[in-house]
Amino acid sequence: QVQLVESGGGLVQDGGSLRLSCAASGRIFSSYAMGWFRQAPGKEREFVAAISWRDFSTYYADSVKGRFTISRDNAKNTVYLQMNNLKPEDTAVYYCAAAQRHIRTMTSGVMDYWGKGTLVTVSS
């Protein structure tokens, strides 16, 4: 089992920044690829970004490329999502998730473990 707890959400103005964190506990965190997903009100959950466990390679949704950065610290069992130049359409509940699979397959949303999410609200 892997337990995931997100933090860092909140209210920010258009153009602002936030950093989300996801703390993991349980099984060996370093052997799992990690992803961030989001779900806006009335919409389906969508892939945002992912990072591999082996070489820390990354993969992003086109909608966030160049604005968001995913990173991880295996010593702290934590994955981060730095979000810059936030827009109102980024408003959503953000979830982190873990899976033992290639990061490019994570766009399917099929993951092994999920956190409960943290709300990000971007005001215009």
Side-chain angles (χ1 to χ4, degrees):
Q1 287 284 342
V2 174
Q3 292 79 41
L4 304 171
V5 179
E6 303 93 337
S7 62
L11 174 64
V12 63
Q13 289 188 331
D14 190 355
S17 298
L18 279 176
R19 189 176 82 154
L20 305 183
S21 299
C22 174
S25 60
R27 299 189 68 178
I28 302 174
F29 169 78
S30 59
S31 66
Y32 281 80
M34 300 296 297
W36 284 97
F37 296 77
R38 66 186 182 187
Q39 187 167 19
K43 295 187 177 181
E44 293 186 354
R45 187 162 53 192
E46 64 175 359
F47 168 80
V48 174
I51 186 165
S52 69
W53 69 271
R54 186 192 300 269
D55 60 4
F56 290 16
S57 57
T58 58
Y59 185 58
Y60 296 93
D62 288 343
S63 59
V64 306
K65 202 173 294 183
R67 299 188 298 124
F68 291 11
T69 302
I70 188 171
S71 61
R72 67 189 293 165
D73 185 336
N74 286 348
K76 295 182 178 180
N77 283 1
T78 301
V79 62
Y80 305 97
L81 185 68
Q82 177 66 45
M83 306 185 293
N84 298 329
N85 191 21
L86 282 160
K87 305 174 182 180
E89 52 263 42
D90 294 317
T91 294
V93 177
Y94 283 72
Y95 300 88
C96 77
Q100 290 183 314
R101 59 189 304 165
H102 194 282
I103 57 174
R104 289 184 178 267
T105 69
M106 291 184 174
T107 56
S108 69
V110 177
M111 304 292 284
D112 297 329
Y113 302 101
W114 291 90
K116 293 185 177 181
T118 185
L119 176 63
V120 172
T121 304
V122 184
S123 64
S124 56

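Keep in mind that the numbers below use all heavy atoms, side chains included, and drop hydrogens, waters and symmetry copies. Computed from a predicted structure; not experimentally measured.
- Looking only at atom types and distance, the side chain of Ser21 has no donor-acceptor partner in the side chain of Thr78 under 3.5 Å away.
- Rounding to the nearest 0.5 Å gives a distance of 8.5 Å between CG of Leu86 and CG of Asp14.
- Under 4.0 Å is where a charged nitrogen must lie from a carboxylate oxygen, and between Asp90 and Arg38 at least one such pair does.
- Ile103 is connected to Met111 through a chain of hydrophobic side-chain contacts under 4.5 Å among Ile, Leu, Val, Met, Phe, Trp and Tyr, so both are in one cluster.
- Shortest non-hydrogen contact noted between Ala24 and Leu4 is CB-CD2, 3.6 Å.
- Closest of all the heavy-atom pairs between Met106 and Ala50 is SD-CB, 3.5 Å.
- Nearest approach of Ala92 to Leu119, heavy atoms of both residues: O-CD1, 3.6 Å.
- Note that CG of Asn84 is 9.5 Å distant from CG of Leu18, once rounded to the nearest 0.5 Å.
- Judged purely by atom type and a 3.5 angstrom limit, Arg72 uses its side chain to pair as donor or acceptor with the backbone of Ser52.
- Note on Val64 and Tyr94: same hydrophobic cluster, where clusters join Ile, Leu, Val, Met, Phe, Trp and Tyr whose side-chain heavy atoms are under 4.5 Å apart, directly or indirectly.
- The backbone N or O of Val122 lies less than 3.5 Å from a partner atom in the side chain of Thr91, making a donor-acceptor pair.
- Going from atom CG of Asp73 over to atom OG of Ser30 covers 11.5 Å, rounded to the nearest 0.5 Å.
- The hydrophobic cluster containing Ile51 also contains Leu81, counting ILVMFWY residues as joined when their side-chain heavy atoms lie under 4.5 angstrom apart, directly or transitively.
- The CG atom of Leu20 sits 4.5 Å away from atom CH2 of Trp36, with the distance rounded to the nearest 0.5 Å.
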query: Where do Arg45 and Trp114 land on the side-chain contact (heavy atoms from CB on, under 4.5 Å) test, with the steps shown first?
result: CA-CA 12 Å; Arg45 187 162 53 192; Trp114 291 90; 3.6 Å; yes
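- Taken together through direct or relayed side-chain contacts under 4.5 Å among Ile, Leu, Val, Met, Phe, Trp and Tyr, Ile70 and Tyr32 form part of one hydrophobic cluster.
- With values rounded to the nearest 0.5 angstrom, Gln100 atom CD is found 7.5 Å from Tyr113 atom OH.
- For the pair Val120 and Gly9, the tightest heavy-atom approach, listed with the atom from each and the gap, is CG2-CA, 4.1 Å.
- For residues 55-81, the set of pairs meeting the ring-ring contact (aromatic ring centres under 6.0 Å, His included) definition, not counting sequence neighbours, comprises Phe47-Tyr59.
- We find the CG-CE distance between Asn74 and Met34 to be 9.5 Å, quoted to the nearest 0.5 Å.
- When all heavy atoms of Ala97 and Phe37 are compared, the pair lying nearest together is CB-CE1, 4.0 Å.
- Of the possible polar contacts, one joining the Glu6 side chain to the Cys96 backbone as a donor-acceptor pair under 3.5 Å is found.
- Annotation for Glu44: atom CD does not count as buried by contact number, only 12 or fewer foreign heavy atoms lying within 6.0 Å.
- Here Leu11 sits alone; no ILVMFWY side chain lies under 4.5 Å from its own, so it joins no hydrophobic cluster.
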